[in-house]
Amino acid sequence: MRKLKYISTLVILFYGLLCFAQFNTLTPTVPKKSENLKVSDKSNIEEPVQQKKVKKSWKQVLNITTKSDLKNEVDSLKMLIKEYSSVKDLRINEFEKLKDSLVLLKNNTLKIRKETSKKKNVFETYDFLDEPTTFFSKIVMPLKNKITVTSSYGTRVHPIFGTKKMHNGIDLKARFENVYSVMDGIVTATGWDSKGGGNFIKVKHFDRFETSYLHLSEIYYRAGEKVKAGFIIGKSGNTGNSTGPHLHFSVKEFGQSINPSHFLNDLIKVNNLIANHYEH
């Protein structure tokens, strides 16, 4: 039995030494292989990292975006916004000026129209005299209503004496009507005409013309008094050598007798020119 135990112990020791020897032979080779693996693994790992870095740098080369570029782009955008704002402000200012101009033009047009409508009430157009019997409307005429020339200027047969005699005025149909001064002036004489004119009044205008109104029934001004165009200076009548109520109207220019119909027509021309001017 003892011998069997010794033999068993020796067998176990033998196999134990054999395993220990194998373990010792294996241990130096394993680390070498592992180191080789580490080196190769390291080299395999570092290569793709380097490749990635290379790819990143190429991307940067192909898509260059630096801070200076960004700053330039921002500055450009600022300039565009500023220019747009200035153009927009300019357009707004031009629009406001145009709007103000249109409003001013409209106001001036309305003002002119109002003034024209007022002046239309003052100035009217008239037809010219056509002797011996012509009708025309009052401007600042000797009579207010439409008047008729019943006896023209020039040589005629006197209706009372039956002789040819110079008629230095025109007779206007008027039955006790108001008589008006045809222009601004100063009364130079009033009274009774001993030559057959009856009650009369004379008015001097602008040191050039003198108008006379005869056969009056009433006189409202005295010599030296100022009158305006359209002032009532008397009333027509039948005084003096007269066959019926009427107004004898005569005109002198620089002291010389002229045709009163031509004088009144000239006044109508001036009035119509003024009326047409303000109408347009």
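All residue numbers in this chain count up from 1 along the given sequence.
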(message) One pair to check against salt bridge (Lys or Arg N to Asp or Glu O under 4.0 Å): Glu177 and Lys235. What are the steps and the verdict?
(response) CA-CA 5 Å; Glu177 300 174 15; Lys235 184 174 286 188; over 6 Å; no
Which heavy-atom pair separates [X] from [Y] by the least distance, and what is that distance?
X: Ser250; Y: Pro260; answer: CA-CG, 3.9 Å
X: Asn199; Y: Trp192; answer: OD1-CE3, 3.2 Å
X: Gly230; Y: Val140; answer: N-CG1, 3.1 Å
X: Pro142; Y: Leu247; answer: CB-CD2, 3.8 Å
X: Thr155; Y: Met166; answer: N-SD, 3.9 Å

Just how far is it from atom [atom1] of [X] to atom [atom2] of [Y], taken to the nearest 0.5 Å?
X: Leu264; Y: Ile147; atom1: CG; atom2: CD1; value: 6.5 Å
X: Asn145; Y: Leu143; atom1: CG; atom2: CG; value: 8.0 Å
X: Asn178; Y: Ile233; atom1: CG; atom2: CD1; value: 10.5 Å
X: Asp184; Y: Phe231; atom1: CG; atom2: CZ; value: 8.0 Å
X: Leu172; Y: Thr150; atom1: CG; atom2: OG1; value: 7.0 Å

Note: Asp171-Arg156 ion pair, threshold 4.0 Å (strictly below) = yes
Under 3.5 Å: donor-acceptor pair, side chain of [X], backbone of [Y]:
X: Ser242; Y: Gly244; value: yes
X: His248; Y: His246; value: no
X: Ser217; Y: Phe176; value: no
X: Asn265; Y: Ser261; value: yes

Mind checking whether [X] and [Y] have side chains closer than 4.5 Å, heavy atoms only?
X: Phe200; Y: Thr239; answer: no
X: Met183; Y: Phe209; answer: yes
X: Asp193; Y: Leu214; answer: yes
X: Phe254; Y: Arg208; answer: yes
X: Glu225; Y: Tyr220; answer: no
X: Ile186; Y: Val227; answer: no
X: Ser212; Y: Phe249; answer: no

For this session: Could you state whether Ile201 and Met141 fall into the same hydrophobic cluster, counting links through intermediate Ile, Leu, Val, Met, Phe, Trp or Tyr residues with side-chain heavy atoms under 4.5 angstrom apart?
Result: yes
**Item:** His167 and Tyr153: CA distance, side-chain angles, deciding distance, side-chain contact (heavy atoms from CB on, under 4.5 Å) verdict
**Value:** CA-CA 6 Å; His167 190 218; Tyr153 176 83; 5.8 Å; no
Taking atom types as modelled, is there a side-chain donor on Arg175 or Ser236 under 3.5 Å from an acceptor on the other?
no
If we check side-chain contact (heavy atoms from CB on, under 4.5 Å) with Tyr221, which of these qualifies: Ile232, Val203, Val187, Thr190?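 Result for side-chain contact (heavy atoms from CB on, under 4.5 Å) with Tyr221: Val187.
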Intermediate values then yes/no, side-chain contact (heavy atoms from CB on, under 4.5 Å), Lys252 and Ile258: CA-CA 6 Å; Lys252 287 183 178 180; Ile258 62 174; over 6 Å; no
How would you list, by chain and number, every residue that makes a side-chain hydrogen bond (donor to acceptor under 3.5 Å, both in side chains) with Thr211, sequence neighbours excluded?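 If we apply the side-chain hydrogen bond (donor to acceptor under 3.5 Å, both in side chains) test to Thr211, skipping adjacent residues, the hits are His205, Tyr213.
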